[in-house]
**Student:** 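Below is one structure. I have some questions about it.
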Amino acid sequence: MNNHPDYLKECREQEWRVELRKSMKAKERTALERVKMPEHEPEVRSRDHREVNIGLSEEQAVVEAKRCLDCADPTCISGCPVGINIPAFIKNIERGAFLESARVLKETNTLPAVCGRVCPQEVQCEEACFYARKLHLLPVAIGNLERFAADYERNSGKISIPETEKSNGIKVAIIGSGPAGLAAAADMARLGYSVTVFEALHELGGVLKYGIPEFRLPNEIVDVEIDNLKKMGVSFHTNFVVGKTADLDDLRKEGYRAFFIGSGAGLPRFMNIPGENYIGIFSSNEYLTRVNLMNAAKEEYDTPVLFGRKVAVIGGGNTAMDSVRTARRLGAEKAMIIYRRTEEEMPARKEEIKHAREEGIEFHMLSNPVEYFADQNGRVNRMRIQKMKLGEPDSSGRRRPIPIEGSEYDTEVDLVVVSVGVSPNPLIPSSVKELEVTRWGTLVVDKESMQTNIPELFAGGDIVRGGATVILAMGDGRKAAAGMHKTITDNVLNKK
Amino acid sequence: MNKIVSRKNLSEHVVKIDIEAPLIAKKRKAGHFVIVRIGEKGERIPLTISSADPERGIITLIVQKVGVTSHKLSALKEGDFITDVVGPLGKATHIEKVGTVLCAGGGVGIAPLLPIVEEMHKAGNRIITVLAARSRELIILEDEMRAHSDEVIIMTDDGSYGKKGLVTNGMEEVIRKEKIDMAITIGPAIMMKYCALLTKKYNIPTVASLNTIMVDGTGMCGACRVSINGETKFVCVDGPEFDAHAVNFDEMLLRLGGYREEERIAYESYLKTL
C-alpha cells in the first residue's frame with residue numbers, strides 16, 4: 001500500500017537498481033521488440049476451455065523486463081488504479097529475483113495473478129508507459145510481466161503471505177467476495193482487523209468465478225488467491241445473503257463495527273423487445289453462471305445448459321466476448337456478435353476482440369435485434385435485426401446509433417445471449433432504508449473514502465459504478481479499507 | 001452444510017424434511033424460499049419454506065420427487081447433510097386483514113400455502129381453503145390446514161377423497177355461495193392459470209406464488225423471469241408472489257419446459273444408478 005513518491009524514489013535509488021540501469025544503454029533497451037504473449041492456436045483452443053494465453057517463459061520475461069527504462073518519473077504508476085510500484089517489480093524480474101518481484105506486486109495488489117490476466121492494461125498502465133506516450137512504440141508488456149511474476153510465485157510453492165499487524169480485535173464485515181471485497185478484506189486484515197467476508201453464492205470469488213470463463217481466468221488461480229487471504233486470517237461465510245440471512249443490524253449486534261458493501265452488479269438488463277423470454281434466450285449472467293460456476297456443460301454435473309449451433313450474442317463488452325467465445329467452445333458452428341455501434345466504440349478489450357476473431361467469431365456491427373421468433377415448443381429459432389447508423393455523440397461521448405427504417409432482416413439462431421449490461425443488485429439498498437442511492441440504483445459514496453451516507457458503511461465496485469472492471473473494483477476496495485480504518489481510528493481516538 | 005434432523009414420507013413422492021438452519025429460521029416469513037444444492041456437482045433449486053421453528057433453529061421443506069435434485073434430496077436420511085442451503089429469499093407475503101380469503105393449493109403447492117394460510121388466519125381473516133390433488137394420497141398437510149382454516153374443501157381428480165373435480169370447481173362453489181375478498185393460489189402453473197381465469201371472471205383480487213426455474217435466486221441471472229402485465233420481472237427478487245391476473249402463465253409454462261428433454265435424460269440416467 002506504500003506508493004508514496006519518497007518511497008518510490010528510495011526504492012529506485014537502491015544500489016542494485018542503479019547498477020541495473022547502468023548495465024544497459026537506453027538505446028539498447030528501446031531497440032528490443034515487445035515480446036509476444038504465446039497463445040494456444042485458435043483451432044485447438046476454441047474446442048476446449050484451456051487458457052488462451054500461455055504466459056511468458058523466464059527468458060521471455062527477462063527480455064521484456066529489460067525494455068523498461070526504469071524512468072525517474074514512472075508515469076505508468078499513475079495509470080494503475082491500485083498504484084502498483086511497476087518499475088520495482090519489473091526490475092526485479094530483470095535481475096532474476098522473481099519471488100521478490102511478486103512480493104513487490106503484493107504490496108499494493110491483492111490479486112496479481114488475476115489482474116495480470118484481466119486488467120485492461122492497454123488503457124491503464126501501458127497507455128501511460130513512456131514507450132507509448134513519448135516514443136510511440138509498443139509499451140512495456142506490464143500486464144504480461146505481472147502475470148509472469150504472480151504465476152512464478154504460485155508455481156514455486158513459496159507464496160509469500162503479506163505481513164499483518166497485531167490483531168486489534170475490531171470486527172469488520174465485507175459483503176461480497178468479488179474483487180472489491182477481496183481487496184478490501186486483504187487491506188483490513190493487514191491492518192490487524194478481524195475480517196469476515198459474507199458471500200451469497202456457494203463459491204467464493206464473485207464475478208471472477210461465475211463470470212470470467214476458465215479460458216481467460218482459471219478458477220484455480222482465484223482459489224489460490226483466496227487461500228492466501230485465509231492464511232492472513234480472513235474468515236469466509238458462503239451461502240450468506242446480507243440483507244436476507246441477516247441484516248446489518250443483526251451484524252452490528254454481533255459486534256461488527258464497519259461494513260464494506262461489494263455486492264456487485266446484480267440484475268441483468270434485457271432489451272424488452274418482443275419474444276425476448278423465449279426458451280434459449282439467456283442473460284450473459286445466466287449463461288456464464290451455468291457454464292462457469294455450475295459446470296453445466298460437463299455431463300457429470302446436474303445443472304443443464306442449452307447448446308446452440310447458431311448463437312447470437314447481443315452486446316460489445318468483455319462479457320459479450322466471454323459469452324460468444326464460450327458458445328464457440330460448446331460447439332456453436334456459427335457464433336456471432338451483434339452490436340449496435342462499430343468496433344471503434346466497442347467497450348471490450350482489444351485483445352479479447354482479437355482472440356474472438358481468431359476463433360472464428362462473426363462480428364455484425366451497426367446491428368440491433370428488434371424481435372425474436374420461436375418454434376412450437378417456444379425455443380427461439382429466428383431473430384429480426386435492424387441496421388443502424390451512427391449519429392451525433394451522446395452523453396457517453398460515443399456516437400449514438402440511429403435505426404435505419406426498413407433495413408430489417410431475419411437470421412436463424414437457436415441460442416441468444418443478451419449482454420447489454422447490468423443494474424446494481426437491489427438486495428442491500430432495499431434492506432437498508434436510509435442508504436442514499438442514485439436514480440440508477442447505485443450507491444452514493446465519497447470518492448476518496450468510499451463512505452456512504454451511513455458513516456460505518458462503505459461501498460465499492462459495481463454496486464457503486466454500475467458495471468466496471470476488476471481492477472477498478474479492487475481500487476475501490478483498497479480506498480474503502482483506508483477510509484474504514486480512518487473512520488474507526490478517529491472514533492476510537494475521539495472516545496479516549 | 002445443513003444437517004437433516006428428521007424426515008418423514010408424506011406420500012410415495014412427497015417428503016417432509018426438517019433441517020438445521022438457525023439464521024434462516026429466525027428471519028424467515030411466510031412466502032420466503034431457500035435455494036438448496038445437493039453434492040459438489042449438484043444444481044441449485046428453489047424450495048419454499050413450509051414452516052420454521054426459530055427456537056430450535058429448524059426449517060421445514062416439503063419436496064416432491066420430480067427430477068434428479070429433488071430425488072437426491074428425498075433420498076437423504078436423518079443425520080445427513082445438505083451441501084448448501086441459502087435464504088430466506090424472495091419477498092415475504094403481504095399479510096393484512098381483508099375479510100374472507102379463498103386459498104387454493106394444488107399438489108405439493110399445498111406446502112408453501114400453509115404458512116400463508118396460517119398468517120392470514122392470525123391476521124383475522126376468514127379462511128376457506130381448497131386443497132386439490134390427483135388422488136387421496138397426494139393431499140398433504142390436511143390437519144395443519146384445518147387448524148388454520150375456517151373451512152376446508154378437498155378436491156381430487158379421481159374422487160378418491162373429498163369431492164371429485166378440479167380445484168376450480170371447488171373454488172367456484174365457494175365463490176357462488178359467499179363474498180370472497182381475496183384469493184391466493186399456489187400449485188402447478190397450469191392450475192394457477194385456471195384459478196386466475198376463474199377469479200378474474202368474478203373480479204376477485206388474486207395472488208399467485210410462482211415456482212420458476214432459478215439458478216442464483218438473488219436477482220443475478222434472470223432464469224426466473226416472467227411477464228407481469230407485459231413487463232419482465234424476476235420471480236426471485238420481485239416475487240415469488242404476483243397479481244395472478246397480470247401473470248402471463250402461457251409464457252411461464254413454456255419457460256418451465258425449457259430443459260424438459262435435458263431433465264428427462266438426466267433423470268433416467270440417475271435412476272439407473274440407484
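Quick caveat: nothing in here was measured; it's all calculated off a predicted structure.
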**Student:** Output the distance between atom CG (A:Asp302) and atom CD (B:Glu263), rounded to the nearest 0.5 Å.
**Tutor:** 11.0 Å

**Student:** Return the CZ to CD distance between A:Arg379 and B:Glu261, rounded to the nearest 0.5 Å.
**Tutor:** 11.5 Å

**Student:** Heavy atoms only, distances under 4.5 angstrom: which of B:Asn248, B:Asp84, B:Leu254 has the most pairs with chain A? Name it, please.
**Tutor:** B:Asp84

**Student:** Is B:Arg44 close to chain A through its backbone or its side chain, or both, or neither, when contacts mean heavy atoms under 4.5 Å?
**Tutor:** both

**Student:** Relative to chain A, which segment of B:Ile213 carries a heavy atom at a distance below 4.5 Å: side chain, backbone, both, or neither?
**Tutor:** side chain

**Student:** Between the main-chain N or O of B:Gly90 and the side-chain N or O of A:Lys244, is there a donor-acceptor pair closer than 3.5 Å?
**Tutor:** yes

**Student:** Please tell me if the side chains of B:Asp216 and A:Thr289 come closer than 4.5 Å, counting only heavy atoms from C-beta onward.
**Tutor:** no

**Student:** Supply the atom-to-atom distance A:Leu201 CG to B:Arg37 CZ, rounded to the nearest 0.5 angstrom.
**Tutor:** 10.0 Å

**Student:** Distance from B:Met220 atom CE to A:Ser263 atom OG, nearest 0.5 Å?
**Tutor:** 12.0 Å

**Student:** Heavy atoms, side chains only, cut-off 4.5 Å: are A:Leu306 and B:Glu262 in contact?
**Tutor:** yes

**Student:** Which residue out of B:Val85, B:Ile24, B:Thr83 racks up the most heavy-atom pairs below 4.5 Å with chain A?
**Tutor:** B:Val85

**Student:** Take atom CD of A:Glu220 as the centre, draw a 6.0 Å sphere, and report whether it contains more than 12 heavy atoms from other residues, nucleotides or ligands.
**Tutor:** no

**Student:** Hey, what do you get for CG (A:Leu267) to CZ (B:Phe234), rounding to the nearest 0.5 Å?
**Tutor:** 6.0 Å

**Student:** Does A:Ser283 reach the main-chain N or O of B:Gly222 with its side chain, forming a donor-acceptor pair under 3.5 Å?
**Tutor:** no

**Student:** NZ of B:Lys26: more than 12 outside heavy atoms within 6.0 angstrom?
**Tutor:** no

**Student:** Chain A heavy atoms under 4.5 Å from B:Ala266: which part of the residue, side chain, backbone, both or neither?
**Tutor:** neither

**Student:** With a sphere of 6.0 Å drawn around CD of A:Glu412, does it hold more than 12 non-hydrogen atoms of other residues, nucleotides or ligands?
**Tutor:** no

**Student:** Please step through side chain to side chain contact (heavy atoms under 4.5 Å, CB included) for the pair B:Val215 and A:Met294, ending with a clear verdict.
**Tutor:** CA-CA 9 Å; B:Val215 184; A:Met294 306 308 296; 4.2 Å; yes

**Student:** Please state whether the side chain, the backbone, both or neither of A:Arg290 comes within less than 4.5 Å of a heavy atom of chain B.
**Tutor:** side chain

**Student:** Where on A:Tyr287 is there a heavy atom nearer than 4.5 Å to chain B: the side chain, the backbone, both, or neither?
**Tutor:** neither

**Student:** Before giving the answer on side chain to side chain contact (heavy atoms under 4.5 Å, CB included), spell out for A:Tyr301 and B:Glu43 the whole-Å C-alpha distance, their side-chain angles and the decisive distance to 0.1 Å.
**Tutor:** CA-CA 8 Å; A:Tyr301 284 80; B:Glu43 65 179 334; over 6 Å; no

**Student:** So which of A:Ile279, A:Thr238, A:Leu288 has the largest heavy-atom pair count under 4.5 angstrom toward chain B?
**Tutor:** A:Ile279

**Student:** Find the one option among B:Leu89, B:Thr232, B:Val86, B:Leu23 whose heavy-atom pairs under 4.5 Å with chain A are most numerous.
**Tutor:** B:Val86

**Student:** I'd like to know whether B:Asn2 forms a side chain to side chain contact (heavy atoms under 4.5 Å, CB included) with A:Asn239, so could you lay out the CA-CA distance, the side-chain angles of the two residues, the decisive distance to 0.1 Å, and finally the verdict.
**Tutor:** CA-CA 11 Å; B:Asn2 300 63; A:Asn239 293 323; 5.8 Å; no

**Student:** Which bit of A:Ile281 comes within less than 4.5 Å of chain B, counting heavy atoms only: side chain, backbone, both or neither?
**Tutor:** both

**Student:** Determine whether A:Tyr278 and B:Glu251 make a side-chain contact, defined as any pair of heavy atoms from C-beta on separated by less than 4.5 Å.
**Tutor:** no

**Student:** Using a strict cut-off of less than 4.0 Å between a Lys/Arg side-chain nitrogen and an Asp/Glu carboxylate oxygen, indicate whether A:Asp250 and B:Lys27 qualify as a salt bridge.
**Tutor:** yes

**Student:** B:Lys72 versus chain A, heavy atoms under 4.5 Å apart: side chain, backbone, both or neither?
**Tutor:** side chain

**Student:** Examine whether an atom of A:Asn277 lies under 4.5 Å from a heavy atom of chain B, and if so say whether it belongs to the side chain, the backbone or both; otherwise answer neither.
**Tutor:** both

**Student:** Taking atom OH of B:Tyr194 as the centre, does the number of heavy atoms from other residues, nucleotides or ligands within less than 6.0 Å exceed 12?
**Tutor:** no

**Student:** Is it the case that more than 12 heavy atoms not belonging to B:Lys29 sit under 6.0 Å from its NZ atom?
**Tutor:** no

**Student:** A quick test of your reading: do over 12 heavy atoms of other residues, nucleotides or ligands sit less than 6.0 Å from CZ of B:Arg260?
**Tutor:** no

**Student:** Specify the closest pair of heavy atoms between B:Gly87 and A:Thr245, including all atoms of both residues, with the distance to one decimal.
**Tutor:** O-OG1, 2.8 Å

**Student:** Let me know if A:Val305 has heavy atoms under 4.5 Å from chain B in its side chain, its backbone, both or neither.
**Tutor:** backbone

